[in-house]
*Asks:* 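What follows is a structure written as structure tokens; I'll ask about it next.
First the proteins, then the strands, lettered A, B, ... as listed; each starts at 1. Side chains are part of it too, since the values below use all heavy atoms of this structure and drop only hydrogens, waters and symmetry mates.
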Amino acid sequence: MAVTGFMLVCFISVHLLGNLSVFFGVDAINIYAEKLHSLGPVVWIFRMAILLLFAVHITFGIQLTVENSSASPEAYAIKKRLKTTFAAESMIYTGLIILVFLLYHLLHFTVHVVHTDAVSAVQTLVNGRPDVFTMIGKSFNSAFISIVYVIAMCALFLHLSHGLQSFIQTFGLNNGKTQDTVTAIGKLAAIFYGLAYIAIPLAFLFHIVKI
Amino acid sequence: MNLTLHVWRQKGPQDKGKLVTYPAKDVSSDMSFLEMLDEVNDKLIKEGKDPIAFDHDCREGICGMCSSVVNGRPHGHQEKTTVCQLHMRQFEDGADIVVEPWLAKAFPIQKDLIVDRSALDVVMQAGGYTSCHTGGVPDANSQLIPKEIADFSMDAAECIGCGACIAACPNSSAMLFTSAKVSQFAVLPQGKAEAKVRVLEMTKAMLDEGFGNCTNHYECQEACPKGINVKFIATLNREYLKSFI
Amino acid sequence: MILDGKAPTGPIETSWDRSCFDKKLVNPSNKRKFKILVVGTGLAGGAGAASLAELGYNVESFCYQDSPRRAHSIGAQGGINAAKNYPSDGDSIYRLFYDTVKGGDFRSREADVWRLAQVSNNIIDQCVAQGVPFARDYAGYLDNRSFGGAQVSRTFYARGQTGQQLLLGAYSALSRQIKAKKVTMHPRTEMLDLVVVDGVAKGITVRNLMTGQIESHWGDAVVLATGGYVNVFYLSTMAMGSSVTAAWKSVKKGAYMANPCYTQIHPTCIPVHGEHQSKLTLMSESLRNDGRIWVPKKAEDCDKHPSEIPEEDRDYYLERKYPSFGNLAPRDISSRSAKEACDDGRGVGPGQRGVYLDFEDSISRLGEDTIRERYGNLFEMYEKITDENGYVRPMRIYPAPHYGMGGLWVDYQCQSNIPGLFVLGEANFSVHGANRLGASALMQGLADGYFVIPYTIAPYLASITPGTVKDDHAEFKKSVEDIEAQTNKLLSINGKKTVSELHRELGQVMFENVGMGRSDESLNLALKRIPEIRDEFWNNVKVTGESKDLNQQLENAGRLADYLEFAEMLTTDALHREESCGGHFRIEHQTDDGEAVRDDENFCYSAAWEFKGAGVKPELHKEPLKFENIKLAVRSYK
């Protein structure tokens, strides 16, 4: 879990960096998109690898949940939560939400089969670049789409807020002194990822970034 | 004090259990929780009823035999206290108290609050030792062990093997228990020789015995009556990864 | 009958080595043909089972707890002695030997004590090799502290949990042998009878505490390491399940019980808070280094808050009676003085059974922080149990029974008078004499288990043919029937009193009359009361539930039944010993200022008692004690 989780965190970091380029004008993200497309087969290998990573992470996650619930089949009449968090307890659910979102996200921006009215508008600009910027903008001008993305990114935030510090512990990088700091940094990082991702749809929805 | 107890009653391993309500009247606040149960039991016996079966032995918080979840917390709500050292003054007069056994697949209930914890012994047998012979060992001072290392090892060795960590864990994982033993030996020169085999064998035994995996909730640390720190789980993980190098 | 301990003669320094060399051995390929039953998994039993299994014997190990790791050795706090002389402060095997014999008030067997002192060093090496995290200094060397009854620092410790750490060491060695299939472990199994065939111990009968099944186990030798008997006082520092049952059933099969009247009452325990109390908790004796013990001078002040009692109305009785030792007077003397003060109506706290241990002076002298640093954990424990803050209000303490020096009689080989029955640790009687020094119990348990029994059992095994008697023998069947009959009897009485009520009654009689100060009158009173309680038990006890089930009441009832017989033997021993020595204080035998008066002329022997039936006076056998190396002297604390 920790290994694949860590690699996925690397992926979402890169992905985020790319996406944040919407804030730097129309050209920025379009250049980014063009660069990606120009890589041709490499980008597809990369995409497949990421998908594989997701698949492994999800499979492990489900397996872990099944094993753990079978190790702990009965519930107490009363159970007090001592130290754990909502995020830690809901890892499988936030994970599944992200999975569903991922499929939706791919259908939306990669395969272009949902919200075709918005994504079909991808045009090749005069400078020869695909107009990804407008496609994103048009999509996020829809309140529905934006809300879906915001909800999914909240799930991602919860998932990361447990996952990031958990990764440090599972890799044995903690000691008694670092525990609390690592937990706090993990949560802060999760908040950063969450807010940064959420900023994109909201920026378009509230016309802070205009098409 | 007058209290209302809701106690898990189960006749045998195969039977279905349920919470049964008992009044506990005129309880002295100086009593320990188990002495309060003794009183309730004496009353049940006089009524010709089967008393509540519960594990206990030293009643001074060190043997690790006592094992009840009180109001949803293993060993009750007082920090770093076993249930035998929990005193009734920690409860409000008129309170409702729910008493349940440790619940985990690896700890089958035997009767009422008594569970079978032999799985923990199996984990220990898998590698919780240094393979030294009786006699024929070097002088005790022949290997120097700096105080910090000895203290770290002792912190881990304080585990009383009660199983509260497992009872508290949403996954019924025995990681804190196992990691305490692995860590105690991992840092000592005497334990290093077998460190690789130990961590692999003990974690394998842990999973084979039906304990769950650790997903870092840290409930165990809070429930532990000896305050064993989850840093030892990190140590176990480190030792585990090292064993592949 | 005059008993012979068969201790080696000649120079004491070489006695153990010569004895080892003289012993017959069992060759390695023959060892696996023998089966040894070890009952109890504390320091002695756990270490013994592991060591015997490692030698190649087949071992079956039994404990009543759910895991061998929970034996009550785990409760020991202070430390373990060894003659390592690491601090180079003049310690030696000879000095440890000397201190132990003198501390035992010259009522132990010299050769046994020598052996203990000699192997004490090996124990520390062994435990360190096992990964026991003893306290160390910054340079990495083992740390030592000093302890009562010694002028050298020879005590090794692991925080305040030395017993726990040593037991876990023995448990780990045992676990390794269980994994290797050399030890078969039977947890939650209580020994209820010794099976003796033609005068030789050949097995045990046990009850599976989970199912209630009575089972037979045969063995070529039986090793008992079943601990002490002071739960006969009901309230003690022992675990709730600690019992005399295994030892007592052996006594009923012919084993002799030696010196049961030597009981140690520890002075610094948290007092009884009410009639429902089940257990007493010890606080380290070290508290007496900085605390002053007192009671009010006037009985009418007892209910006042201690701060309202002016200095001139306080009686610092230890400082008054023992000006040179003061609050550091030895265990037996301070325990007895506390009882006297309370008997005088000047006790404090619930039931007026307590004396103050006051830190006010040391706090004003040293500051609260220093006291916290030294004893913080004890103050915390005290507050958890009593809800009182020892820093602002004097602690209350009262003595509590915590060790039985007596036990089954054994010879130098740790073999009882029944061939094939070996007894280790607190369950036997041999090394502590009439009083045990602090940090010596752990030493004895591990010495017996790791380094004595593996040697001393060999000559016996070499002299017999393995597996000649199995559990199909008629004696096993008879034993099972006897136990089932007793069980059915207990379940059928259906009286009005619970087991714990009757145990509490017995305990009160024992503590009041056979406790810290014993007199002809009190002992005779006890001898009258014990059979009465026993009769009431057998006519009016109520035990619910079934025999073939997990039934904790039935377990307790069986244990109490044995205590009710054993108590009589203990009291008889105390009555017969017309002297004061160590943990046995007869108020008729004291000097004008309260010092114990020993009678070496008439009582320099171990008293081994043979059971003749419940309510019948047991028969006394004497083992004369010879002191060839250490001169008999008067213990003085003036």
*Asks:* Non-hydrogen atoms of chain B under 4.5 Å away: do they reach the side chain of A:A2, the backbone, both or neither?
*Replies:* neither

*Asks:* Which answer fits B:F211, side chain, backbone, both or neither, if we ask what part of it has an atom under 4.5 Å from a heavy atom of chain A?
*Replies:* backbone

*Asks:* Where on A:T178 is there a heavy atom nearer than 4.5 Å to chain B: the side chain, the backbone, both, or neither?
*Replies:* neither

*Asks:* Taking side chain as everything from C-beta outward and backbone as N, CA, C, O, which of these in A:N175 sits under 4.5 Å from a heavy atom of chain B? Side chain, backbone, both or neither.
*Replies:* backbone

*Asks:* Closer than 4.0 angstrom, basic N to acidic O: yes or no for B:E239 and B:K242?
*Replies:* yes

*Asks:* Sort B:L241 into side chain, backbone, both or neither according to what part of it lies under 4.5 angstrom from a heavy atom of chain A.
*Replies:* side chain

*Asks:* Say whether A:Q165 and B:N216, considering side chains only, have a donor N or O and an acceptor N or O under 3.5 Å apart.
*Replies:* no

*Asks:* Any idea which of A:K80, A:Q169, A:E74, A:M91 has the most non-hydrogen atom pairs under 4.5 angstrom with chain B?
*Replies:* A:Q169

*Asks:* Between A:S166 and chain B, which part of the residue has a heavy atom less than 4.5 Å away: side chain, backbone, both or neither?
*Replies:* both

*Asks:* Look at atom CZ of A:F46 and say whether more than 12 heavy atoms of other residues, nucleotides or ligands are closer to it than 6.0 Å.
*Replies:* no

*Asks:* Between B:R117 and B:D55, is there a salt bridge with N-O shorter than 4.0 Å?
*Replies:* yes

*Asks:* Which bit of A:Q179 comes within less than 4.5 Å of chain B, counting heavy atoms only: side chain, backbone, both or neither?
*Replies:* side chain

*Asks:* Taking the six-membered ring for Trp and the full ring for Phe, Tyr or His, determine whether the centres of A:Y149 and A:F140 are under 6.0 Å apart.
*Replies:* yes

*Asks:* Which region of B:T235, side chain (C-beta onward) or backbone (N, CA, C, O), has a non-hydrogen atom less than 4.5 Å from a non-hydrogen atom of chain A, or is it both or neither?
*Replies:* neither

*Asks:* Restricting to salt bridge (Lys or Arg N to Asp or Glu O under 4.0 Å), what partner residues turn up for A:K79, sequence neighbours left out?
*Replies:* B:E219

*Asks:* Is B:L19 in contact with chain A via its backbone, its side chain, both, or neither, using a 4.5 Å heavy-atom distance?
*Replies:* side chain

*Asks:* Between B:H56 and B:F33, is the gap from one ring center to the other below 6.0 Å?
*Replies:* no

